[in-house]
Amino acid sequence: MGVLLKVEDLTKSYFSGKNENRVIKGVSFEVEEGEFALLMGDSGSGKSTILNIVGGMDKATSGRVFILGSNILDYSDKQLNEYRRTTVGFVFQSYNLIGNLSALENILLVNGNNVASARKLLDDMGLKDRADAFPSELSGGEAQRVALARAMSKAPSLLLCDEPTGALDYENSRKVISSIVSLNKNEGITILMVTHNPAFLPLADKVIRLKSGWIESITVNDSPLSVSELKW
Amino acid sequence: MKLLLLKSIRDFKTNILLNISIFLLAFVGIFLFGGLNVTGISLKSSIDEFYLSHNLASYTVTQELPFEKMKLLYERSKEDGLVLDGAKQLDAVTLNVGGIGRNIEVSLFTRNDFVVNTPQIVEGQLPEETFEALIDLAFAKENGVKVGDTLPINIEGQSYETVISGLAVFPDHLYKGDAIPQIAETGIVKIFVDLDIGANTFYVKTDLGEVDLRLKLEMLSDMPFSMSRVIGKSDNVSVKRVASDIDLITSLISILPWVCLISLCLILYVNASKRAEDEGYNIGIMCANGVSKSKIVFSLMLPYLVNVFIGGLLGAILGIIVLPDVYINLLSRFYTLPSVTLGGLMVAFIALVVLMVVTTVALLIAVSSLFMRTPTSLMRSAHKSGSKIIKSTKAPIVLKLSLRNFISYKKKSIFSTVSAALCLGLLVTSFMLDDSVSDLNRTVYGKYYNYDYTISWNAGDKLDYTELSERAMQSGLFENQMFCLEFPAKYDGKNVLVSIMDENNPCYKIDGFNADGVCIPKSYGDVESIDINLYSQIPLEMTLPVSGSYKDIGMFGIIVPLALINQMYPDFYYLYMQSGLNTKLYLKQKPGVDAEAFTDELRADYSVAFNGTLHSVGSKRFQELFTVISVTELVLIVICGIMMAVMVLNISSLSLSDRIRDYSIFKALGIGGDKVNALSSLENVFSVLIAYLLAFPIGALISQKIIKAVAVVTGVVAYLHITVISALILFVCAAIFTVIGNILINNKIKRVNVVSALKKEE
């Protein structure tokens, strides 16, 4: 397995007048192909910021982010757009589905209007009967699984999940995390997931802990559990 | 409360673009509404005041009247309370002023002349002796003449010496296309005569209708008056007629501000509602924390209302200062206007109150609907219910999404579409007016009145029209001719003007009208025959078959072929000669020929009052109207442009605010910029397309009102229409507005930070 994601000396600062607020203070880590990595830490530790930068949605102040050997921080807006469309999938805590498109159409939006493929993804997510439902008609778990299906519809090299179960109850969280882990184990999708939930630790191949913008620790788990084995 | 105020101020700063657009809405709305209204009101009141203060007449009556009869008429009219005045008008009399022979207008008047037309004596006195003259002040100054000087004049071939008794400012003038003529150039001389003058022009100030007035004049003078020409306010060749032009202009102006105000109120309503909805989350938090509803409403309304108030107040002040000045200056290039005193200033401030009320109501309605929800639901980010139209998976997603958004955001879509339709409606009006009226000379007017020379006389002169027409054609000066004999009549209880036409008349071409029947206005519906009571000294009732109809815009007449009249009433010629019909002979002058002398020849040979006018009065009138309409078109286009610019800014702000989440998700998913642009643009395209279609009926309604006001020239019918080219130009204009709006939105979208936008929405 090669390195899919390599973050080097990443920093991010917000400026208010002359005041600099550095939220990422030189972070470096790697995620290998097919790995399921967790990004954990307290609120304000910089998890989501890193995920947004890796996802090509935010700019870093300095550092390098290599995806398959290319530094995306050097990308132009057009290249970043292409990167977001083809290479990386993003699952947000608040689903971010388009309200006026049905579950199926939210997937068709990004998969080149391939109806059969979109239906299969929904089927895989256990949402076969919810294809024509609009986001307002979906439960949180269903909406998140639609968002996951949408992210997967691009067949991304890297799936980024920002607290995907943060707004969900136990049962829905279990369904969503099962789907995510299944993508990793069965499809070999590389996943970088931000979470607060320590219960997911045993599922991950690698756990990157952040504290106040620094890497606190990086732990490698040689024998991750499957979801069914998880005591949760 | 202090904190809520602080929040209001911060919100104002945060949403600066939205606030600027609200400010501009209020500013432009009141600027246009107040300014145009004040312009209209001021013009109308100032000009009315001018005419009222100069005590002008309602009718001009031309009648061959022996001096004894004239005296009788005056005496009896005094007893009857009918205010009339009489004078003989001589159109172009050569007066040797300052050694230079110039054509000026001279009125010979009787002792009673000033009953109606009261000049303001500036120096000297009213004439007391025969051939004393009262001279216009400006004319006297221009030509260096003073009280006591002698003026030689030539009237109907005879020379007279007149002595200037006084200088005055005259209220009434014959003029050519100007509200108040440039007196210094045309010259007005009133010469008192004590002669038995033949034809007279009377000025009558009365509320009576035309036919009743005619009856009364006959009764008072003990002689038939049916051959007189009574000219109403609308087509009186006097200053009063130009006053009607100004009435027309002010009526046009009166439409525009309402269109502006309504469309801007609609946009402001949407904007205010949106503002309240945007605050839903914060309102939920405040409700959850027990903040009183009144405080919440106050904090929400304060910045908005202050913004609207300041924008509206500035608009009102600038509007009533700048717009009347610009518009009146523009008009003064075509009309000599009296000094205009600004009036109706309160209108602008009332409009400001209306705008504040609309804003307050919009906010209250929106906030009330928010208060009906629980604080929890307000704080929860909820998806709008999806619209389920276009289920086909084959339809392009962006198109589908745009259509659904358009329908989901009903209020914004409807209101912005209607406002855009009103704006475009103004533009449609502009083009429709141009298309409908500008070709009248060629179509209706060109055929009917496009004669270079009009001779009118009345048959009381015992002059047979056939004899005159033969003479005209034999003169070699003219290449074509057309008759029109007119007399007033009663039909269906209404006063109508019956026009008897010869076969050259283009009226024969309209809607199946032929020589076997009369042509009546369409408003009378399907009737087979009509009974007409001719008004004359010799009563005549006729039942005439109807063979055609025409649209009656601004006129009501019945057109009868001469052949039919002769057939139905064999003694018509006798009637014509005895009771008198006003007769017009339209002559087409040969190229390069000056036929003006023809009238003088006729006068000399027949000793009757011929009125010969080079270039028909109607044609001139139309040129004036075209000028008025051109100004109005210009104003319409400018106003439409300003309004569309403000609306584009506002709608693009609203669109961005509504869709920022969708745009951000698109960007986050790596969906190409072209699709994001399409998503934002398509909604505007739908809106403008619908607005474009709606604009035509709106424009037609406004144009209809304007055309009705314009069509005051008897016998001229303007058909409302718009050409394909105009429709295409309008389409291009609408497309330009759309493109500008889309460029604005797309530029803003480009600058959207995906992460912060999504975080904000969460």
Side-chain angles (χ1 to χ4, degrees), chain A residues 14 48-49 51-53 55-59 77-78 80-90 92-116 118-119 131-138 143 147 150-151 153-154 156 160 162 166-167, chain B residues 377 380-409 413 658-679 682-683 749-762:
Chain A
Y14 292 104
S48 292
T49 306
L51 210 67
N52 287 331
I53 292 169
M57 292 196 294
D58 204 354
K59 304 231 180 259
D77 281 350
K78 198 175 171 187
L80 274 177
N81 207 48
E82 176 74 13
Y83 163 72
R84 289 197 296 264
R85 186 167 68 243
T86 56
T87 311
V88 71
F90 214 108
F92 304 88
Q93 182 181 359
S94 55
Y95 331 133
N96 283 338
L97 297 176
I98 302 283
N100 245 331
L101 292 178
S102 67
L104 179 69
E105 289 163 348
N106 262 286
I107 300 168
L108 294 177
L109 182 66
V110 292
N111 84 341
N113 228 26
N114 187 334
V115 180
R119 285 197 185 280
D132 293 328
F134 281 86
S136 58
E137 299 162 341
L138 296 169
R150 181 178 67 184
S153 69
K154 298 187 280 189
L160 301 171
D162 191 0
Chain B
S377 74
R380 193 184 301 139
S381 166
H383 284 291
K384 225 174 164 61
S385 300
S387 168
K388 295 193 176 179
I389 60 158
I390 316 182
K391 287 188 172 176
S392 164
T393 48
K394 287 178 185 166
I397 289 275
V398 172
L399 175 71
K400 206 186 304 192
L401 182 58
S402 299
L403 262 176
R404 287 177 183 172
N405 281 341
F406 187 75
I407 289 166
S408 292
Y409 294 87
S413 304
D658 270 340
R659 309 279 184 280
I660 193 159
R661 185 170 176 276
D662 284 1
Y663 300 148
S664 303
I665 294 172
F666 266 57
K667 286 176 98 171
L669 294 173
I671 293 169
D674 52 339
K675 280 191 178 172
V676 179
N677 289 348
L679 181 67
L682 275 173
E683 271 183 70
I749 292 172
K750 267 185 196 168
R751 294 198 296 269
V752 166
N753 182 310
V754 179
V755 176
S756 58
L758 288 176
K759 203 177 276 180
K760 194 180 167 189
E761 287 295 311
E762 282 166 23

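In what follows, chains carry the letters A, B, and so on, assigned in the order in which the sequence lines appear, proteins first and then strands, with residues in each chain numbered from 1.
For A:Lys59, no part sits under 4.5 Å from any heavy atom of chain B, backbone or side chain. Contact annotation for B:Ile665: only side-chain heavy atoms (C-beta onward) come within less than 4.5 Å of a heavy atom of chain A.
Taking both residues in full, the closest heavy atoms of A:Arg150 and A:Leu97 are given as NH1-CA, 3.7 Å, listed atom of the first, atom of the second, then distance. Here the shortest heavy-atom pairing between A:Leu51 and A:Phe90 reads O-CE1, 3.6 Å. Taking both residues in full, the closest heavy atoms of B:Ile671 and B:Val676 are given as O-CG2, 4.0 Å, listed atom of the first, atom of the second, then distance.
A distance-only check finds a donor-acceptor pair linking the side chain of A:Asn100 to the backbone of B:Arg404 [under 3.5 Å].
Listed options A:Val110, A:Thr87, A:Leu109 were ranked by heavy-atom pairs under 4.5 angstrom with chain B; first place goes to A:Leu109.
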